[in-house]
Amino acid sequence: NIDSVEPGAKNIKGMQIIKEEDHPQMMAVKATGVAELKHILAPVLVSATDPDHPSTDGIYEMDFVLGDTGDQFTEVEMEVDVVFRFKNLPKWVKGIKVNARDNSDIELIF
């Protein structure tokens with residue numbers, strides 16, 4: 001449920017709206033913030049192919065995921081970037097606001 005989602009970033013350090021000249025209906029929002037890690041995450045490759053049913057193209061697929069190790073580690077903060085791409089925003093949208101736990105940032109669309 002989107003209404004129950006709490007901001008994961010501690011604070012927003014900045015944001016930028018990126019428009020593509022070749023595709024005027026496309027736009028991206030890049031936000032930089034500080035995230036406070038509550039768990040240690042481990043990057044792992046997980047099989048996405050069933051070995052008992054080989055693919056017809058002979059390709060073995062794997063997913064790159066971040067797994068929760070279950071270890072508590074509350075003293076870590078890291079700077080993170082995220083990019084969200086929009087296509088055909090409603091005409092009423094005049095700006096984008098990104099909320100974090102301690103602050104927010106807003107950029108107007110021109």
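Along the sequence shown, residues carry numbers from 1. Bear in mind the structure is a predicted one, so any value in this text is a computation, not a measurement. These values consider heavy atoms only, across backbone and side chains, with no hydrogens, waters or symmetry-generated copies.
Here the shortest heavy-atom pairing between Asn99 and Ser104 reads OD1-CB, 3.4 Å. The two atoms that bring Ala31 and Val98 nearest to each other are CB-CG1, 4.3 Å, heavy atoms only.
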Discussion item. Go through it in stages, so that I can follow the logic: the residues are Ile109 and Lys94, the test is side chain to side chain contact (heavy atoms under 4.5 Å, CB included), and I'd like the CA-CA distance, side-chain angles, deciding distance and then a yes or no.
Written reply: CA-CA 5 Å; Ile109 301 170; Lys94 293 181 171 62; over 6 Å; no

Discussion item. Show, in sequence, the C-alpha distance, side-chain angles and deciding distance for Met15 and Ile96, and conclude whether the side chain to side chain contact (heavy atoms under 4.5 Å, CB included) test is met.
Written reply: CA-CA 9 Å; Met15 65 179 283; Ile96 304 289; 4.0 Å; yes

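Rounding to the nearest 0.5 Å gives a distance of 10.0 Å between CE of Met27 and CD1 of Ile18. Atom CD1 in Ile17 sits 7.5 Å away from atom CG in Leu108 (nearest 0.5 Å).
Under the 4.5 Å side-chain heavy-atom criterion for Ile, Leu, Val, Met, Phe, Trp and Tyr, Met26 and Val29 are members of distinct hydrophobic clusters.
Under the side-chain hydrogen bond (donor to acceptor under 3.5 Å, both in side chains) criterion, Thr32 pairs with Asp81, not counting sequence neighbours.
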Pairs of donor and acceptor atoms involving the side chains of residues 82-89, under 3.5 Å and at least two apart or interchain, shall be tabulated with distances.
none

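Checking side-chain atoms of Asn103 against main-chain N and O of Asn11 turns up no donor-acceptor pair under 3.5 Å.
The stretch residues 13-25 participates, sequence neighbours left out, in these salt bridge (charged side-chain N to carboxylate O under 4.0 Å, His left out) pairs: Lys13-Glu79.
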